[in-house]
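The structure under discussion appears below in the form of structure tokens.
Residue numbers start from 1 in every chain, and the chains themselves are labelled A, B, ... in the order their sequence lines are given, proteins ahead of strands. The structure displayed is predicted, hence computed values, not measured ones.
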Amino acid sequence: MDTLLSTLNSSQRAAVEYIDGAELVIAGAGSGKTRVLTYKIAYMLSMGLKPWSILALTFTNKAAREMKERIGSLVGPDAAHYLNMGTFHSVFLRILRAESEVIGLKRNFTIFDDADTKSLVNSIVKELKLDDKCYKPSSVLSRIGMAKNNLITPEAYAADGSLLERDHRSKMPKLCDIYRLYVQRCRIANAVDFDDMLMYTYMLFRNHPEVCKKYADRFKYILVDEYQDTNYAQQCILTLLTRNQNNKICVVGDDAQSIYAFRGANIDNILNFQNIYSDAKLFKLEQNYRSTQNIVNAANCLISHNQRQIQKTVYSENPQGDKVKVNVTYSDREEASVVCNEIKRLHRREGVEYGDCAILYRTNAQSRLFEDELRRENIPYRIYGGVSFYQRKEIKDIIAYFRMVANPDDEEALKRIINYPKRGIGATSVDKLIAASRQYNVSLWRVIDNPKAYVEGLSSATAKRIVAFHDMMQVYIDSSTTTDVYILGKRIIEETGLSQEIFADGSVDAKERRDNVEEFISGLHHFVDSKREEDYGDEVYISNFLQEVALVTDADKNNNDENSANRVSLMTIHASKGLEFNTVFIVGVEENIFPSPRACEFPRELEEERRLFYVAITRAEKHCFISCAKSRYQYGNMLFNEPSRFLRELDRNVVDVNGKLTTNRAEYEDNMFSSPYNRSMPTTRDPQRFRKIEPARVKSFTSRNPEYTQSGTRYPQASSSAASASPASAWQASPSAPQRLAVGMTIEHQRFGMGKVVKVEGYGENQKATVDFENAGTKTLLLKFARYNIK
DNA sequence: CAAAATGTGGTTTTT
DNA sequence: CCACATTTTG
């Protein structure tokens, strides 16, 4: 242990060795924060603390896993295995599961993800007959989320005048009603959302002191990483577990890197920590080991413009290094080109690997131009962010089946799959079922158990199909506690027709989806295997799988495989938190982008943007390039943004500026047409646009004018006999055909080509056929409209 | 039912 | 411009 400690500097060591009480560690960027945390835990273990009495809370699962590994390599894997380590959400979810009865949930409750909560809000808004223009799910959910993060129940919300007034002002006076219903629906569905995990934990501990005591007795020492990004609910839970119980707490963070206020994080938690824990000892880690002096100085210079912060002096004893370079370009395309050229130059002349470079931007939409340019230049790159694996439709469909098996009351899951794959339960029927579920205040699952009893005027054919669906799911539910998730999962995918749906479609587009499903199934296998190993041979059921999968995200994936090796990284600044790169490009540093326009109204939010910029700069080890463009396309039209105010805050002693930090449109236009870059660069954009002629408007006129576009080529279906000369008429107009169509026939479809009829159902208007096409996969056609010939 | 056309709206994001 | 939802069309 002593040799371990001797590798730390004096302040790091002091922070590690203090284990007598509340502790606040302010860890400047690149100051070895993770090292301090891991060594501290190792130190506590060496002092005789039991691993299971330590609780370490992190921001991401990945951080928890890595820390556990590092501690394992310090003190041996056995002790590390017994540490309680994870995100707030994963740790508290486990507790909620164990104590579910106390808070009135069934143990098998499921978790609503973003799509579920959005869909739930949409249906509530519709039910209350509110205007969905005013009540956009995103804004409704953000209000509900804020309420939950601040531990405000629907009742408290309805009683809070200032909240109501605010909702009134923003044209959402019924928000508290939506909130109340939202909570009610979640409970009926036996489901929790992400914010509930914190709020329910708080309620559990506050309302049931004996339960709180039980966990407080278990967690003698609590460590919290990234404390600057915790919210009020998290802080309150910690208070219940520590201050009132005399447990030790150590929080680590950097107020200058608090960048998640938009989702509830409260920087006051770290700023006021010593008010809550008056005896808390403060440690500051101020030596930066990551970056050159110039980079550290530039970052310090920037952040000094913030008022609300804890005083500290971050310094570096690394080489001075190059000055941070600021480059003003004329256009967004030029910016991309300049960045790529610089990457190529560094690669050729200074031996900087592609994998050492990162391009950081404020919003995901900015990645496009860089992507294009990197591809054109054959520079390998990797984009972080975007749609994650578990967000893909095909994967979510499978998981919806799993969720329903684990928790049949899960209404969002049920709605998703009751008619997918198609089983003849249309939207109208589903609406009736849902209405009945509201009317009788029972879950949808109860209703579909006996639909005729709840719903008037349901055709018996439909009722039969609904019951068939119910019974099919019931079989899976019955085997879900005896059959492991891999076996049952495969059965579900095959028997419900999901695999048909995905694998029958031979098109190129579907390839990726098929691959995803394959990957998912092999992931299931892997999950079962590794879980068995971990838990010494226990069976692994669907519920076990769901419990973990709900909290897994792409950011947790290890990106160290050869696939991502040595590629330029592209990501938002938010996603770059905690990472470091030899060379960093911070792009699009312009007013209206960075800071974003919404942030400019309030000083608090502006300070957060500045911290975000601080995070970006401090990712860099050796080289930091900042750029902004004087013109840029956004939403299809040209913008002329000023360079960001943050750039003017950077002292010229540490920053080299290439170009002027002011601009206006006239100046832009002068330069645009004289710049050699813009003349030599072939561009798809018509320079005429700069002269304010709107070619788009001309185009839209033609496409919106049916007489112009379509005269002579299209005829209404009803008069198709009159159109016998047109090419389309070579295809049989349907109405005469359906009676003659039967299973086993081969037809030639106008668009899909040759195919074999595998199913015919319905009568008259609604008759439809399922056809297995040679090249286009299996399709269901409504015969009223289909154009085909019988062969 | 499925594809095409039209309309709309648009930070950051992890759990 | 682009992704998504809704409407129209065959």
Could you tell me how far apart A:E605 (CD) and B:dT12 (C1') are, to the nearest whole angstrom?
11 Å
Counting any heavy atom closer than 4.0 Å, what does A:T363 reach on the DNA or RNA strands: base, sugar-phosphate only, or nothing?
sugar-phosphate
Nearest whole Å is fine: how far is B:dT13 P from A:I259 CD1?
9 Å
Any A:N231 side-chain nitrogen or oxygen under 4.0 Å from OP1 or OP2 of B:dT14
no
Could you tell me whether A:E609 and A:R362 make a salt bridge, using a distance below 4.0 angstrom between a side-chain N and a carboxylate O?
yes
Could you work out which one of B:dT13, B:dT11, B:dT15 sits closest to the side chain of A:S596?
B:dT11
Of the listed nucleotides (B:dT11, B:dT15, B:dT12), which one gets closest to any side-chain atom of A:F262?
B:dT12
Remember a base hit wins even if backbone is also touched, and classify A:E609 as base, sugar-phosphate or nothing at under 4.0 Å, heavy atoms.
base
ring-ring contact (aromatic ring centres under 6.0 Å, His included) between A:H574 and A:Y361, worked out:
CA-CA 9 Å; A:H574 282 93; A:Y361 32 79; over 10 Å; no
Derivation and outcome, side-chain contact (heavy atoms from CB on, under 4.5 Å), residues A:R513 and A:R392
CA-CA 8 Å; A:R513 288 189 280 138; A:R392 302 253 161 76; over 6 Å; no
A:R632 and A:E335 ion-paired at < 4.0 Å:
yes
Phosphate contact (B:dA2 OP1 or OP2) by A:K422 side-chain N/O below 4.0 Å:
yes
Tell me what A:F59 touches on the nucleic acid: a base, only sugar-phosphate, or nothing, going by heavy atoms under 4.0 Å.
sugar-phosphate
Between A:N419 and A:K136, which has a closest nucleotide on DNA chain B that is more 5'?
A:N419
In whole Å, what is the span from the CG atom of A:D131 to the P atom of B:dG9?
10 Å
With a non-hydrogen cut-off below 4.0 angstrom, is A:D113 in contact with a base, only sugar-phosphate, or nothing?
nothing
What contact category does A:K133 fall into here, base, sugar-phosphate, or nothing, at under 4.0 angstrom with non-hydrogen atoms?
sugar-phosphate
Is the base of B:dT11 syn or anti, if syn means a glycosidic angle within 90° of 0?
syn
Look at atom OH of A:Y614 and say whether more than 12 heavy atoms of other residues, nucleotides or ligands are closer to it than 6.0 Å.
yes
For B:dT13, does the base pair up with any side-chain atom of A:R263 as donor and acceptor (N or O, under 3.5 Å, distance only)?
no
Taking the nucleotide of DNA chain B with the closest heavy atom to each, which residue, A:M571 or A:Y635, is nearer the 5' end?
A:Y635
Across the strands shown, which category fits A:D114 at heavy-atom distances under 4.0 angstrom: base, sugar-phosphate, nothing?
base
Take atom C1' in B:dT14 and the same atom in C:dA3, then report the distance between them in whole Å.
22 Å
Write down the partner of C:dG10 under the Watson-Crick or G-U wobble criteria, each distance required to be under 3.5 Å.
B:dC1
Let's see if you can work this out: which of B:dT13, B:dT15, C:dA5 has an atom nearest to the side-chain heavy atoms of A:K118?
C:dA5
pi-stack flag for A:Y260 and B:dT14, centroid dist under 5.5 Å, interplanar under 30°:
no
Residue matched to B:dT15 through Watson-Crick or wobble contacts both under 3.5 angstrom:
none
Separation of A:M203 CE from A:L96 CG (nearest 0.5 Å):
11.5 Å
Does OP1 or OP2 of B:dT15 have a side-chain N or O of A:S90 closer than 4.0 Å?
no
Among the candidates B:dT15, B:dT13, C:dC2, find the nucleotide nearest to the side-chain atoms of A:N61.
B:dT15
